[in-house]
Amino acid sequence: MTDHTPDRNLAMELVRATEVAALSAARWMGLGDKEAADQAAVDGLRTLLGTVSMNGVVVIGEGEKDEAPMLYIGEEVGDGSEPLVDIAVDPIDGTTLLSKGMPNAIAVVALAERGSMYYPPNIAYMEKIAAGPEAADAIDIEKPVADNIRAVAQACSLQVRDVTVVILDRPRHEQIVREIREVGARIKFISDGDVAGALMTALPESGANLLLGIGGSPEGVITACALKALGGNMQARIWPRNDEERRIVEEEGLDTSEVLTMDSLVRSDNTFFAATGITDGELLRGVHYTSRGATTQSLVTRSKSGTVRFVNATHQLSKLQQYAAVDFG
């Protein structure tokens, strides 16, 4: 019987794609045009993904085919050879951040064995909790906010007042914010990009210990792929935001109380993840242009080996232009 599972470290090939996406999108930093920036990232990412030795299907992408001409859900990517894999893409996690020149915009790709990625149909948001390796076994989405913060503090040998909670700055989080403040923990608000926010909890130098709140469902699956290698943990519950999504939940027989573990989100122990910084942030340094080209910094992980790499790269754009088929001008 032929084994179709990934064997080589595909993340080292995926990072070339996120680098090109970041280099393409970074030209639009601070220019206020989210659509143009996103299109640049999509063009760069898709071009390089087509060169990767894999038979990939986009499970989490830019939307349905009639909404997204490229990297749409169901699109086949790669050169068609084995292994057979699921692909999740977020050409820009933090499009608003990039358009405003704010920190923590990144280009992201995740990959796992074919049929292993979960994505609730047309349910855009999930309630999430995430923590790094030290507190991986301490979090429980079914427990109160204060209990989770105290458990994380104990696991990390911290005082509660020294725990830093990352949370999206949204009106829907007013109650969670009150509970965090009542227990006395610190808060780091982020305006967008909860992939970066969750991953920061697994990187000690970021200073973050816990992520709480409601964020994107696609980002939840992508984050799980990375946290499996980083040693962190995440739990989630689907969160229908309106009557239409509640109707879908009922029709599909979904359970909003079901706790989705990382193994529920990605049923594979062989996941790959690559992210390249577009704007400077706590997670990654962004694209910097120089007189000779540009520099990038990327995070590359593989869960099977537990390998985590930070890749600093220097690019000569005139040479990259020759094979990337992307306009870096």
Side-chain angles (χ1 to χ4, degrees), residues 90 93-106 108 124-217 219-220 222-224 226-227 230-237 239 241 259 262 275 277 279-286 299:
D90 197 348
D93 180 45
T95 311
T96 299
L97 299 176
L98 175 61
S99 71
K100 294 182 177 180
M102 297 172 67
N104 287 322
I106 58 177
V108 179
Y125 290 96
M126 289 178 175
E127 177 189 1
K128 306 175 192 176
I129 184 170
E134 287 184 306
D137 296 328
I139 59 174
D140 186 342
I141 199 170
E142 296 184 300
K143 290 185 177 180
V145 167
D147 288 359
N148 275 294
I149 290 173
R150 293 189 187 100
V152 168
Q154 183 176 4
C156 296
S157 299
L158 295 172
Q159 298 294 320
V160 166
R161 66 186 181 187
D162 297 326
V163 171
T164 299
V165 182
V166 179
I167 189 168
L168 282 165
D169 190 5
R170 298 287 188 273
R172 62 178 179 260
H173 291 148
E174 289 178 358
Q175 178 59 35
I176 297 176
V177 169
R178 279 195 291 270
E179 293 179 39
I180 295 170
R181 287 173 172 165
E182 284 173 3
V183 78
R186 307 191 324 156
I187 297 175
K188 178 178 178 56
F189 285 111
I190 56 176
S191 60
D192 290 278
D194 70 342
V195 172
L199 297 187
M200 286 188 321
T201 68
L203 300 172
E205 59 271 22
S206 77
N209 308 107
L210 181 66
L211 174 127
L212 291 172
I214 295 157
S217 295
E219 290 83 354
I222 290 170
T223 301
L227 285 177
L230 291 166
N233 188 22
M234 182 176 72
Q235 298 170 6
R237 291 185 292 209
W239 190 80
R241 57 183 167 167
V259 176
M262 290 208 297
T279 59
D280 287 338
E282 292 93 337
L283 182 67
L284 292 166
R285 189 176 65 249
L299 171 64

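Note that the structure is predicted; figures quoted are calculated from it, not measured.
In this structure, Val163 and Ala153 approach most closely via the heavy-atom pair CG2-CB, 3.6 Å. Shown here for Leu299 and Leu284, the closest heavy-atom pair between the two residues is N-CD2, 3.8 Å. Minimum interatomic distance between Gly277 and Ile106 (heavy atoms only, all atoms of both residues): CA-CG2, 4.0 Å. For the residue pair Pro103 and Gly281, the shortest heavy atom distance occurs at CB-CA, 4.2 Å. Closest approach of Ile176 to Gly213, counting heavy atoms only: CD1-CA, 4.0 Å.
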Tell me, with the steps shown, if Leu210 and Val166 meet side-chain contact (heavy atoms from CB on, under 4.5 Å).
-> CA-CA 6 Å; Leu210 181 66; Val166 179; over 6 Å; no
### Test side-chain contact (heavy atoms from CB on, under 4.5 Å) applied to Ile187 and Ile167, step by step
CA-CA 7 Å; Ile187 297 175; Ile167 189 168; 3.7 Å; yes
Stepwise side-chain contact (heavy atoms from CB on, under 4.5 Å) test for Asp169 and Ile190: CA-CA 6 Å; Asp169 190 5; Ile190 56 176; over 6 Å; no
Quiz item: Does the side-chain contact (heavy atoms from CB on, under 4.5 Å) test come out yes or no for Arg172 and Tyr125, once each step is laid out?
Solution: CA-CA 12 Å; Arg172 62 178 179 260; Tyr125 290 96; 3.8 Å; yes
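Take Glu127 and apply the salt bridge (charged side-chain N to carboxylate O under 4.0 Å, His left out) test, not counting sequence neighbours, and it matches Arg237. Every residue meeting the salt bridge (charged side-chain N to carboxylate O under 4.0 Å, His left out) condition with Asp147, not counting sequence neighbours, appears here in chain and number order: Arg150. Partners of Asp194 under the salt bridge (charged side-chain N to carboxylate O under 4.0 Å, His left out) rule, at least two apart in sequence or in another chain, are Lys128. By the side chain to side chain contact (heavy atoms under 4.5 Å, CB included) test, Ala151 pairs with Ala138, sequence neighbours left out. In this view, Gln154 satisfies the side chain to side chain contact (heavy atoms under 4.5 Å, CB included) rule with no residue, not counting sequence neighbours. In terms of the salt bridge (charged side-chain N to carboxylate O under 4.0 Å, His left out) criterion, residue partners of Arg241 (sequence neighbours excluded) are, by chain and number, Glu245. For Arg170, the side-chain hydrogen bond (donor to acceptor under 3.5 Å, both in side chains) partners at least two apart in sequence or on another chain are Asp192. Taking Asn233 as the reference, Ala136, Ile139, Gln235, Met262 meet the side chain to side chain contact (heavy atoms under 4.5 Å, CB included) condition, with sequence neighbours excluded. Not a single side-chain hydrogen bond (donor to acceptor under 3.5 Å, both in side chains) links Arg181 to another residue, sequence neighbours left out. For Glu134, the side-chain hydrogen bond (donor to acceptor under 3.5 Å, both in side chains) test picks out no residue, with sequence neighbours left out.
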For residues 93-100, run the donor-acceptor check on the side chains, cut-off 3.5 Å, and write out each pair with its distance to 0.1 Å, sequence neighbours left out.
| unit_1 | atom_1 | unit_2 | atom_2 | d |
| --- | --- | --- | --- | --- |
| Asp93 | OD2 | Val195 | N | 3.4 |
| Ser99 | OG | Thr96 | O | 2.9 |

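The shortest side-chain heavy-atom distance between Val165 and Leu211 does not fall under the 4.5 Å cut-off. When side chains are defined from C-beta on, Leu168 does not count as touching Ile214, because their heavy atoms never get closer than 4.5 Å. The closest side-chain heavy-atom distance from Leu203 to Leu230 is below 4.5 Å. Two residues are said to be in side-chain contact when any heavy atoms from C-beta on lie closer than 4.5 Å; Leu199 and Thr223 meet this criterion. A 4.5 Å side-chain heavy-atom check between Glu219 and Met126 finds every atom pair outside the cut-off.
Among residue pairs with one or both ends in residues 201-213, none qualify as side-chain hydrogen bond (donor to acceptor under 3.5 Å, both in side chains); sequence neighbours excluded.
For CG of Asp162, the number of neighbouring non-hydrogen atoms (other residues, nucleotides, ligands) closer than 6.0 Å is greater than 12.
Distance alone, capped at 3.5 Å, is enough to place a donor-acceptor pair between the Thr279 side chain and the Met102 backbone.
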